[in-house]
Amino acid sequence: MKNVWREGIKVECSEGGSITDITVNNLTMKNVSRPIFLLLNNRFLPDDLGSSLELTEMPEIGRMERLIFSNIIATDTEEMGKVHRRFENDIMGAPWFSGIRVDAEKEHKIKDLTFTNIRYTAYGGVKSAQIPQEYPQVTDQKKFPGSETSENYYPDWSRTVHMDIRNVEGLVLENVRFAALHEDERPGCLVEGCDD
């Protein structure tokens, strides 16, 4: 994959159901702001460019289980220092909107997730003052309708340079290596609400 500017591999379970038993192996990516993006949440957006069309109400949060990502190389170049947009307000490539991101609601964790043999060189170069202090959690929109929630395109910044993982049961990280083209004041990696 080359010059995608947005997610390279995106697995998003947002409208109920289940996404299970996926293996992604042997990929090389260049200039992909979020090499891997996994999100388990719920939403009901019947008028949003075709999503939720078959739903009549907010769904329960579904399941995401048994995913393996292995032998992946992701490399940024100096071009990632520029902001690329798909629409007027839709940020794609930008240094503050980058990194491997995995997120789920804390009562509905992603289960059995493995990252092995991952190499990621990010653009970096972000100052901590550029990043807001509060990073929203994924909330269950069926139980708490209208509450602020981390979703597909929000927040439009990343807390980390390389990897931000929250709420996974059965997480395995093996032989995962990071680098950055420019010094960055954010943490390289955060793992929260996970076991194993």
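With sequence neighbours excluded, the residues forming a side chain to side chain donor-acceptor pair (under 3.5 Å) with E148 are Y154, listed by chain and number. E78 is linked by a side chain to side chain contact (heavy atoms under 4.5 Å, CB included) to Y123, L181, H182, counting only residues two or more places apart in sequence or in another chain. In this structure, the side chain to side chain contact (heavy atoms under 4.5 Å, CB included) partners of V138, at least two apart in sequence or on a different chain, are L39, N41, D103, E105, T149, S150.
Taking both residues in full, the closest heavy atoms of I19 and C13 are given as CD1-CB, 3.6 Å, listed atom of the first, atom of the second, then distance. The shortest heavy-atom contact between F44 and L55 is CE1-O, 3.5 Å. Pairing each heavy atom of M29 with each of V32, the nearest pair is CB-CG2, 3.8 Å.
In the model, N152 has a side-chain atom that pairs as donor or acceptor with a side-chain atom of E12 under 3.5 Å. Side-chain contact check for Q141 and T139: at least one donor-acceptor pair (N or O, by modelled atom type) lies under 3.5 Å. S70 and N117 share no side-chain donor-acceptor pair at under 3.5 Å.
Within 6.0 Å of CD in Q130 there are more than 12 heavy atoms belonging to other residues, nucleotides or ligands. Dense packing is recorded around NZ of K142, with more than 12 heavy atoms of other residues, nucleotides or ligands lying under 6.0 Å away. Applying the 6.0 Å contact sphere to NZ of K10 captures more than 12 heavy atoms from other residues, nucleotides or ligands.
Salt bridge absent: R66 and D112 never bring a charged side-chain N and a carboxylate O closer than 4.0 Å.
Under a 3.5 Å cut-off, the side chain of N3 and the backbone N or O of N31 do not form any donor-acceptor pair. With hydrogens and angles ignored, the 3.5 Å screen pairs no side-chain donor or acceptor of N42 with any backbone N or O of E15.
Taking 4.5 Å as the limit, some side-chain heavy atom of R186 sits within range of a side-chain heavy atom of S158.
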